[in-house]
Amino acid sequence: MIDTIVFDIGNVLTRFSWDTYIQQFGLDERDSYEVAKASVLSPEWNEFDRGILTDEEIIASFVKNAPQYADCLCRMFRDMHGLVTRAEYAIPWIDALKAAGYRVLVLSNFPETAHRHCMDALDFLPHTDGGILSYQEHVIKPDPAIYRLLAERYGLQFSHCVFVDDKEENLVPARELGMKTIQFRNYEQGKKELDEMLNCYHVRTMTEPVNRCVTVPGSKSMTNRALFMAAMAEGTSVLKGVLLSEDAQMFLGCLRNLGFPLTVDEENCTVTLNGMGGRIPVKNAEIYVGSAGTAARFLTAMLALGDSEATIRCSEQMSRRPMRALFDALQELGAEFTYLGEEGFLPVRVSGCGRKPVTDTVSVDISESTQFLSALLMSAPLLEAGLKIRITSEKKNRLLCDHHTQNDEGFRCGSFL
């Protein structure tokens, strides 16, 4: 049973604005990414989001970091920060949910003064049942404490709540607490998914045998593995039933920046990708993996064993996630890493070994993440002589490893023993 909807208020009121301004200023896909990188993906935006920088200072950073997009960025910032456009989309949606008997709360990471002013100006707050502006509480998402505080204040049962936010890193702790979640990308998609989630709890008694055909969503994990292997294969691969989640979108964006030709048919959940037989088209690239662990681990291995150099950047959350064991294994094979932050973590500059490792045997600790092993397994066919992997930790996949590690033979990749 669902009785409460919790919205990230910034998404409800402003998410639509991004596409509006991108179109208004005539920016293409690459320009759109650069605008995002110069604003909400920049270190300066993180400082603004935490109340360190003033409005004037964040605008000055736009002009400094992306002068060619300064007009667009400043216009978007002033309008979004003021939330002065198109509240007519959000308010009827929330009113309809309340009329259907649901309680609607809001949660925000943005500075309290900004959203208080904006919601008051738009007469928005009276349409909700309350909520928390996290700066006011001295804790911000994705810290689980903010969700617990919301539950304590409003008597929530997490299992009866749906949390709507556009950032996967904010959805993860909400799910861990038992909340159902929806990743919001636009009004049409967000409203459709919420309606489907709410309606799925109304069970209708069947009076005749069921004879129906249903299509289940694809797997995020399988999607990114399939994208990786399609990029490494020779020729054109057509992937059907892909899950175009945020992680997959990050993976696709990275592949584009590395020069792989691809097209995406979102309506039919299909990706067509031209593989290069183990070659990486762009020899000096920069990619952004966001908070996508599979993209971070798999593409690091691809680049480290390939014949190019690249800079791998990531979200603040991803910069705290374990990577050292994978870096150590890849360095053992001959790759070189230059750390752009804390040693052993992303972001890094990686120089590949040119598909000619200095050894055909590598040791890896997978106690922190089995994705380290997946990255090496899928990258091994890049190497002419294959690769023998010794797993040094206790966290093993019995189906793959026990027989070979018991007699210290390791796991042979490339020959797939």
Side-chain angles (χ1 to χ4, degrees), residues 169 172 176 220-222 224-225 228-229 232 247 251 254 287 289-306 310-383 385-417:
E169 61 194 65
V172 170
E176 290 174 349
K220 176 180 73 173
S221 176
M222 293 179 66
N224 280 0
R225 284 165 171 78
F228 181 99
M229 290 185 281
M232 292 296 94
D247 280 18
F251 209 113
C254 291
I287 61 174
V289 298
S291 298
T294 49
R297 278 69 181 261
F298 299 169
L299 293 174
T300 294
M302 175 199 292
L303 292 164
L305 300 181
T311 298
I312 306 174
R313 301 194 181 276
C314 65
S315 68
E316 183 177 353
Q317 181 195 33
M318 190 65 224
S319 70
R320 298 191 297 268
R321 294 177 65 182
M323 289 288 293
R324 181 179 288 278
L326 180 59
F327 290 148
D328 289 346
L330 294 169
Q331 284 179 313
E332 191 177 334
L333 293 169
E336 297 180 1
F337 294 96
T338 301
Y339 297 107
L340 307 179
E342 185 178 350
E343 185 173 342
F345 296 88
L346 294 176
V348 296
R349 178 75 178 168
V350 55
S351 298
C353 67
R355 304 173 68 182
K356 297 178 180 179
V358 297
T359 176
D360 66 354
T361 302
V362 67
S363 300
V364 62
D365 182 334
I366 61 170
S367 58
E368 291 183 303
S369 175
T370 55
Q371 289 177 2
F372 300 158
L373 176 60
S374 296
L376 292 169
L377 286 171
M378 291 191 298
S379 301
L382 290 171
L383 309 178
L387 183 64
K388 188 175 183 179
I389 302 172
R390 297 188 185 280
I391 300 170
T392 62
S393 60
E394 292 300 319
K395 186 177 182 180
K396 300 171 184 170
N397 182 327
R398 297 185 62 87
L399 293 176
L400 292 180
C401 309
D402 278 2
H403 172 71
H404 297 288
T405 53
Q406 284 174 358
N407 58 15
D408 199 34
E409 290 181 5
F411 186 75
R412 182 84 184 177
C413 309
S415 57
F416 295 101
L417 295 177

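FYI, the numbering just counts along the sequence from 1.
In this structure, R355 contributes its side chain and L382 its backbone to a donor-acceptor pair below 3.5 Å. Panel note: side chain R321, backbone Q317; no donor-acceptor pair is recorded below 3.5 Å.
Rounding to the nearest 0.5 Å places CG of L373 at 12.5 Å from CZ of R297. In this structure, the separation between CG on D247 and CG on N224 is 6.0 Å, given to the nearest 0.5 Å. One distance of note links CZ of R349 with CG of L303; it measures 9.5 Å at 0.5 Å rounding. Between atom CG of residue L387 and atom OG1 of residue T361 there is a gap of 7.5 Å, rounded to the nearest 0.5 Å. Here the straight-line distance linking atom CG of L346 with atom CD1 of I312 works out to 6.0 Å at 0.5 Å rounding.
Ring pair F327/F337 is tilted by interplanar angle, where 30° to 60° counts as tilted.
The minimum heavy-atom distance linking S291 with S315 is given by the pair OG-OG, 2.6 Å. Closest non-hydrogen pair, M302 versus S379, comes out as N-OG, 3.8 Å. Pairing each heavy atom of A329 with each of V362, the nearest pair is O-CG2, 3.2 Å. Pairing each heavy atom of C314 with each of G290, the nearest pair is CB-O, 3.6 Å. The two residues L330 and A301 make their nearest non-hydrogen contact at CD1-CA, 3.9 Å. Shortest non-hydrogen contact noted between C254 and L299 is CB-CD1, 3.4 Å.
V364 is listed as a side-chain neighbour of L376, based on a closest heavy-atom distance under 4.5 Å. Side-chain contact between T359 and L333: present, with at least one pair of heavy atoms (C-beta onward) separated by less than 4.5 Å. Looking only at side-chain heavy atoms (C-beta outward), R225 and S374 come within less than 4.5 Å of each other. Side-chain contact between R320 and F345 is absent, with no heavy-atom pair separated by less than 4.5 Å. Proximity of T300 to V350: side-chain heavy atoms (C-beta onward) are nowhere separated by under 4.5 Å. Side-chain contact check for Q371 versus L326: every heavy-atom pair is 4.5 Å or farther apart. In this structure, M318 and M323 have side chains that are in contact, with non-hydrogen atoms separated by less than 4.5 Å. Looking only at side-chain heavy atoms (C-beta outward), C353 and V358 stay at 4.5 Å or farther from each other.
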Go through the steps to decide whether R324 and D365 satisfy the test side-chain contact (heavy atoms from CB on, under 4.5 Å), and finish with yes or no.
CA-CA 9 Å; R324 181 179 288 278; D365 182 334; over 6 Å; no

